Structures are given as C-alpha cells and as structure tokens.
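Chain letters run A, B, ... following the sequence lines, proteins first, then strands; residues in each count from 1. For clarity, every value in this text was computed on a predicted model and none was experimentally measured.
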Amino acid sequence: MDIKRVKDYIYWLYFQYLLITCSYVLEPWEQSMFHTITVTVFAMVVYTAYVFVPIHVRLAFEFFSQMFGGQPDSAV
Amino acid sequence: INHVVHNGGLYKRPFNEAFEETPMLVAVLTYVGYGVLTLFGYLRDFMRQWKIEKCQNATEREEQKDFVPLYQDFENFYNRNLYMRIRDSWNRPICSVPGAKVDMMERVSHDYNWTFTYTGKVIKDIINMGSYNYLGFAQKAGTCQEAAAKVLSQYGAGVCSTRQEMGNLDKHEELEKLVARFLGVESAMAYGMGFATNSMNIPALVGKGCLILSDELNHASLVLGARLSGATIRIFKHNNMQSLEKLLKDAIVHGQPRTRRPWKKILILVEGIYSMEGSIVRLPEVIALKKKYKSYLYLDEAHSIGALGPSGRGVVEYFGLNPEDVDIMMGTFTKSFGAAGGYIGGKKELIDYLRTYSHSAVYATSMSPPVVEQIITSMKCIMGEDGTTVGKARVQQLAENTRYFRRRLKEMGFIIYGNEDSPVVPLMLYMPAKIGAFGREMLKRNIGVVVVGFPATPIIESRARFCLSAAHTKEMLDTALKEINEVGDLLQLKYSRHRLVPLLDRPFDETTYEETED
C-alpha cells in the first residue's frame, strides 16, 4: 500500500510539473523534446553545482576568516 | 481583502466585494508557461512555413502571399498555437434542454483538436454549472412550456416582418406593458436579440458631440454600440467611483476637446453584474454622481435582472433605489427568463423615440411569439401573478445557493472574485495548462463548467466561471463542491492565502469576515 501511495505521489508531482510548464497541452513529440531539454539543463546545473560550489564556498570561508580572524594574529 | 463599505449612508446593506491579488509565484509560473507555449508556437509556425508539417489552419492563397499578411498578428498566433490545443473545452454540443442537468454528445479528436468526430455516445445528466439559467426557467415541462406551445399552435413560429411594418403583434404590446410594470418604469420596448439591443440602440441615443463614460470591463455589445454611435468614449476603472468622478469633473470643466463647447450629453454605461468578474456595480454612488453632474445613466442588467433583489427585480431593487433615477434600464430575457431577446425601459418619451429611431426596431425581425409567451409566463411567475409562490421561492433559492456555494468555495481555499451576492462565481485558474485540464477533469466527473482564457480575460487571469441556478438542489451543489475540491487538490488550485474559519454553529452574518487567518 505504501509503495502505491509513494508512486501516486510521484505521479502527482510529475503532473504538477506538466501543468506548470504547460507541457500538458503539447503533443507527445513536443513533450519529449521539452523533457529532453529540461533534463539536460537540469543535469548541467546539478553538475556545475557539484563541481564548483564546494570550492567557492571553501574559498569564501577562507577569505572571510582571514579578514576577521587574521587581525588578532597580526596584532600579537 | 474584504472591505465593508458604508459610504455616507448611501448603502442600506453592506457591500462585500473582493478581488484577491494574484500570488507572485503563481504569476511568475504563469508567464513561464506562456513562454514555453510561445516558443513551441514559433517552432510549429516555422515548421508549417517550411512545409515540414501540414498546415491545417487558414492561410492565404499562393497568389496572395505577397500581399499584406492576414494571419501574422498576435490574435491569430494565439489562436493557432494556444487555443487549438485546448479547444475541446469549448463549443461542446449539448442535446437536451440546458436545465440543472444536461446531456452532451461525446466527441473525440484524433489530430489534436483540429477536427472532431462524434463517437455516437451521449453523456447523460451532467450537472450544468455553465448555463445562464439563474431562475431555472429553462425547462421542457411546466406552465411556461405549455403556454408557449399553445401560442405556437395559435401564432406559428415566424413573424416575417419588422416591428415597424407588419411584425407588431398584440403579444408584443402585452409583453411591453408587463415589462414596464415589472421594472417600475413608465414604458418599455422589447427586441429580438440582447446583443442587438445594446449595439443598435446606443447609436440612436447619442451621436457626435456627446460623451460616453464606459466602465473598463463592459460587454462587447456596449463597446460596439458606443463605437458605432460616433461619440467620444472615455473609460473609467472598473467600479471605481473616484475615477468616474474625475472624468465627469474633467468633462464638465473642459468640455469638448478642441472647441471647448459643453458636451451635448454625457452618458454613463454600466452593467448590473459583470459576468467575468462577478462584481455588482456601485449603483447608489453612480446615481449620486449622475445627479450631481447632470448626466444620463444607461444600466445594462443582462445578468442581474431576475437574479438580484428580494423579488427578482434586479440591481435597482437590490440596493433599494428608485427605478426612475436610472434613465435607461436595459436588460435581456436570455438569462433569467429562459427565452431570448432584450428590452429597454424608461420614460415614455424615450421609448416612443426609440420606437421610431432605433435600428433594431426598423430593420430587425421582431420576436417570435412562443418566445414572447415564455417571457410573459415566466415574468408573471416571478411577480407572483400566476397565483403561486413558485417565483418567490426560486428567487430565494438562488440567493441561498449563491451564498452557500461562494462560502464553501472560499473555505476550501480557492480564489473567488466578485461580490458575495452575485450568482456568477469566477474561480481563478491562472495557468494556461490548467484551463484545459480543469475543463477535462470536471467533464470526466460529470460536471460541465465554462472555462475562460485570454481574449475574454487578461492574459494571466484565466478563470472557470460557475453560473448558479435556482434549479440546482443542495445535493447537486454538494456533489459539485466535492468534485471541485478533488480537482482543486489534483491541479493545485487552492491559491488563496486568506483562510476563512469555517463556521461552527453560528448563523451566517456579515461579521464573520473578520475571522480570517493568513
């Protein structure tokens, strides 16, 4: 029963995605094209985030900690 | 935000009108949806142009390809690429009387709504939430139908002439006296078509050198009549009395644009109930302004006659005003009386003038006798002159249905526009895919609704419009509400951020609007 509820919920989420992006009214081949483009763009965003965001966060953390934490060191 | 207006003692009852603002996220997503559809529209147009795909819509012929293009504007683009995809929610053929329940012929499309074929099956007993059947007089059995059948056997169906020539039957005279008595005016005149009443009579009343102040959301018939008349037209914001007063002041102070002469006539065009918003005109304030600035008022009661007021006499009775204050009272017989046609009521000199000078009286065929008899019988029923209390019961049932339906929908969390007492209930959908989805899902659950999209409404504010009827019983409304709730959850339509606390055991009164939780 739980599997069915999870599957229904996932189908409902997919239906909401179809409604919001208006691919509900498109013909099947247009829907496939739109899904391909969307999935490609989303995959690229996820990959870019995975590759770049940790490095940028670490650098930003080091920059700010240098600015604030570095002063007591140099004063002493 | 609901606001209760008590404006200097002009209103004898609270005026509760609300137009909740579009939530920002919903507006952004609606634009995203339209953006996607526009891109795909350009793609399909490109493919049709380069003959990759068969072109099924109307185009110019080969010889005319070098002429000024006919089908390149936005209206045609919208029609080809957006309207066609969800076209199966409109023009649905019905095959029974459009009462509280209706039968519909099933149709399928194999090429994405470019052509339809009938499967031959008839879907029976669909709850009809789309017909303008406010008092339930669209019936195939009953006193109205018997009277109309008798008159049909006596007079036939055709009149074969205009009112001025040989088409003035004694039935028409009887109808006009009855309409004048119903409205409380001196005299009235009836026409065969409601749209033609507006568009053909406004040119007879105003001309060049006159000023027309028309509401932003007026019906196409009023707009057409105003444009045909040749008068100067100025638009005031919907139901906004400050805007109207500013325009009136400017008109009186500055006069006509170039010559600065005073305007010959100033005519204010308003409607009783605006069918796309469900709002009621602020009539006491309009009449006060009219008297102060000495202008004329044309009130189009197409949807409000029979539907508002304790005895169904329209928006003038709803506010408790004097019918003689409204110079021209126009209305239609299509909505509450179950017939067809329109009327204009007013002073005797006005109506006598219109009998001679109105285009509709001179050139249009007069009303068909069975239709006239249907109006006479239904009007007598509403007034109580047929000896029963059926009419009064229907008017009260409609008011109860209206209040109940609107309150339940608001409690469920939908965004509903308009006044609390109007039987027209617009439910906001916003996103274009939900327009088609809502129509189809409701039809699957055996409820027929009317969904409205772009040219009739602003582009992001598409809606589903429910028209309540006195013929709907509480069980039908409960079934409909249950299905609307389901579809609302399925399609995520419950956008409202003001949650009304459901009433526990207190009777319904106006102070409950203070109990909102955001």
Legend entry - Closest approach of A/Cys22 to B/Gly33 (non-hydrogen atoms, all atoms of both residues): SG-CA, 3.5 Å
Inset, instruction - State whether the number of non-hydrogen atoms from other residues, nucleotides or ligands found under 6.0 Å of B/Trp50 atom CH2 is greater than 12. - result: no
Legend entry - Separation between CD of A/Glu30 and CG of B/Leu43, rounded to the nearest 0.5 Å: 7.0 Å
Inset, instruction - Evaluate whether atom CZ of A/Phe42 has more than 12 neighbouring non-hydrogen atoms of other residues, nucleotides or ligands under 6.0 angstrom away. - result: no
Legend entry - Proximal component of B/Ile86, with respect to chain A [non-hydrogen, under 4.5 Å]: side chain
Inset, instruction - Kindly check if the number of other-residue, nucleotide or ligand heavy atoms within 6.0 Å of NZ (B/Lys65) is above 12? - result: yes
Inset, instruction - Measure the shortest side-chain to side-chain distance between A/Tyr24 and B/Met431 over non-hydrogen atoms and say whether it is less than 4.5 angstrom. - result: no
Inset, instruction - Give a yes or no on whether B/Tyr42 atom OH has more than 12 heavy-atom contacts from other residues, nucleotides or ligands under 6.0 Å away. - result: no
Inset, instruction - To the nearest 0.5 Å, tell me how far B/Tyr430 OH sits from A/Ile20 CD1. - result: 14.5 Å
Legend entry - Which atoms of B/Leu82 approach chain A - backbone, side chain, both or neither, heavy atom under 4.5 Å: neither
Legend entry - Validation row: B/Gln492, A/Trp12 side chains within 4.5 angstrom (heavy atoms): yes
Inset, instruction - Evaluate the side-chain proximity of B/Leu491 to A/Leu19: yes if any heavy-atom separation is below 4.5 Å, no if none is. - result: yes
Inset, instruction - Counting only heavy atoms closer than 4.5 Å, note whether B/Asp489 contacts chain A via side chain, backbone, both or neither. - result: backbone
Legend entry - Nearest heavy-atom neighbours spanning A/Val25 and B/Leu37: CG2-CD2, 3.6 Å
Legend entry - Proximity breakdown for A/Gln16 and chain B, heavy-atom pairs closer than 4.5 Å: side chain
Inset, instruction - Inspect the surroundings of CD1 in A/Ile3 and state if more than 12 heavy atoms from other residues, nucleotides or ligands are less than 6.0 Å away. - result: no
